[in-house]
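Working notes, structure below.
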Amino acid sequence: MSPPDSDRLAAIRSALMDWYGVHARDLPWRMAPGSAERADPYRVWLSEVMLQQTTVPHATPYFQAFVTRWPTVGALAAAPDEAVMGAWAGLGYYARARNLLACAQAVARDHGGVFPDTEDGLRALPGLGAYTAAAVAAIAFGRRAVVVDGNVERVMARLFTVDTPLPKGRPELRALADALTPEPETFDPGDWAQALMDLGSRICRPRSPLCGQCPLAGDCQARASGPPEAWPKKLAKVPKPRREGLVWVLVDKAGRVGLVKRPDKGLLGGMLGLPTSGWDAGEASGPPVVADWVEAGTVRHVFTHFELELEVMRAEGQADLIWREVAEAEATLPTVFRKVLVRALAA
DNA sequence: GAATCGTGGCC
DNA sequence: TGGCCAAGATT
């Protein structure tokens, strides 16, 4: 990697911001490029947390539902735990929802209902790591911050042909992003961050990048040495183990289904779920009640680091469980259990 | 530093 | 179909 000189950096900045002025995406949490008005910190923060490891199309309806139901951070802070977790169901990475509520409560309790307006202040809140703190500081408060997500890493790796594989190459990519980040007097920090991410998302895509439409193609070392999709380099991934278990769908005479609240930590933590045998080694709980259990098929589900095969058992009866209408359960359970419920009631 | 933690879309 | 990927944080 050759250290970029200042003239080249300035040319890249101008080219990107010119492109963004024309091609910026219209998103419900975003101000138009060049707008004098700053975006609402609550909406910026909420969108950034939802977008962690999540696509814009998947997160968008959840964002709309949340801001409709809880228009301010104070309203969210006052919401019951189960309402927030249920509204998050299907979005995944449920620690985000627990931290979301904890963060809203911290802002309400410790900051008078107003988000801290510095990167360090934001970084201290639950669920805000390096990326999200920088993004909110830049977008909501106009602070210069080095905003580095997967998009930015990919753009940096290609612009400057960084050959160190991820995740080891992260510090190097961040240093390049820092060098490229403009001063607030030159370009708006929020526009800058979103321009870089839009470029990564729409043009400098992981597969089949659209170099013909890229405003930085003439500055891109990967474009010159090609093919650009060879960057960023990545370490080989470990194969996913396969795990198995039983899941019990108990229905009462009123047509409700029996649920359990999962422990706050660990997989699907804090969410409602169906009773299961467990699926980790040495884990083997029995059914919630002795009943006439019948097999109702199999559900396969792929988590981040393992594949799960659940044998579905169904019965009618009573037990000491949390009872919910089937429609509500289907709307507020994690996807793996929603799939089980659909299978059990179809069989 | 490595493991853990969801889900849906795409090719 | 199966692997890859997405605006990462936490422990």
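Order of the sequence lines sets the chain letters (A, B, ...), proteins ahead of strands, with each chain counted from 1. Keep in mind that the numbers below use all heavy atoms, side chains included, and drop hydrogens, waters and symmetry copies.
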**Item:** Sugar-phosphate or base contact per nucleotide [nucleotides 5-11 of chain C; S, B, -; heavy atom under 4.0 Å]
**Value:** SBBBSS-
**Asked** If you link I, L, V, M, F, W and Y whenever their side-chain heavy atoms are under 4.5 Å apart, who else ends up in the same group as A:Trp248?
**Response** A:Leu246, A:Leu250, A:Val260, A:Val289, A:Trp293, A:Met313, A:Leu321, A:Trp323
**Item:** Presence of salt bridge, A:Arg256 and A:Glu325, under 4.0 angstrom
**Value:** no
**Asked** salt bridge (charged side-chain N to carboxylate O under 4.0 Å, His left out): which pairs involve residues 32-61 of chain A, sequence neighbours left out?
**Response** A:Arg38-A:Asp188
**Message:** Measuring only the P atom in each nucleotide, how far is B:dT4 from C:dA7? A whole number of Å is fine.
**Reply:** 24 Å
**Prompt:** Checking all strands, does A:Val302 fall into the base, sugar-phosphate, or nothing category for heavy-atom contacts under 4.0 angstrom?
**Reply:** base
**Request:** Using atom CZ of A:Arg96 as one end and atom P of B:dG6 as the other, report the distance to the nearest whole Å.
**Result:** 9 Å
**Asked** Are A:Asp219 and A:Arg13 ion-paired here, with the side-chain N under 4.0 Å from a carboxylate O?
**Response** no
**Item:** A:Leu76 side, atom CG; A:Leu100 side, atom CG - distance, nearest 0.5 Å
**Value:** 5.0 Å
**Request:** Would you check if there is a donor-acceptor pair between the side chains of A:Thr132 and A:Gln52 at a distance under 3.5 Å?
**Result:** yes
**Request:** Starting at atom NE2 of A:His301, determine the distance to atom P of B:dC5, rounded to an integer number of angstrom.
**Result:** 13 Å
**Rounded interatomic separation in angstrom, taking NE2 from A:His58 and C1' from B:dG6** = 9 Å
**Request:** Please list all pairs passing the ring-ring contact (aromatic ring centres under 6.0 Å, His included) test where one or both residues lie in residues 102-159 of chain A, with sequence neighbours left out.
**Result:** A:Trp45-A:Phe115
**Message:** Rounded to whole Å, how long is the line connecting atom CZ of A:Arg338 with atom P of B:dG6?
**Reply:** 15 Å
**Prompt:** Quick one: on DNA chain B, does A:Val238 or A:Leu333 contact a more 5' nucleotide (nearest heavy atom)?
**Reply:** A:Val238
**Message:** Below 4.0 angstrom, which residues in residues 267-279 of chain A have at least one non-hydrogen atom near DNA chain B?
**Reply:** A:Leu267, A:Leu268
**Message:** Give me the distance, rounded to whole Å, that separates B:dC5 from C:dA6 when you measure between the C1' atoms they each carry.
**Reply:** 15 Å
**Prompt:** Does A:Val299 have any side chain to side chain contact (heavy atoms under 4.5 Å, CB included) partners at least two apart in sequence or in another chain, and if so, which?
**Reply:** A:Val312, A:Lys339, A:Val340, A:Arg343
**Prompt:** Over how many whole Å does the gap from A:Trp88 atom CH2 to B:dT7 atom P extend?
**Reply:** 13 Å
**Message:** For a quick check of understanding: with a heavy-atom distance under 4.0 Å over all strands, which category does A:Pro334 fall into, base, sugar-phosphate or nothing?
**Reply:** sugar-phosphate
**Asked** Within this structure, what is the CZ-to-P distance between A:Arg300 and C:dT1, rounded to whole angstrom?
**Response** 11 Å
**Prompt:** Are the ring centres of A:His301 and A:Phe303 closer than 6.0 Å?
**Reply:** yes
**Message:** What is the distance, to the nearest angstrom, from the CG atom on A:Leu235 to the P atom on B:dG1?
**Reply:** 12 Å
**Complete:** Atom CG of A:Asp280 and atom C1' of B:dC5 are separated, to the nearest Å, by 13 Å
**Request:** In whole angstrom, give me the gap between the C1' atoms of C:dA9 and B:dG1.
**Result:** 15 Å
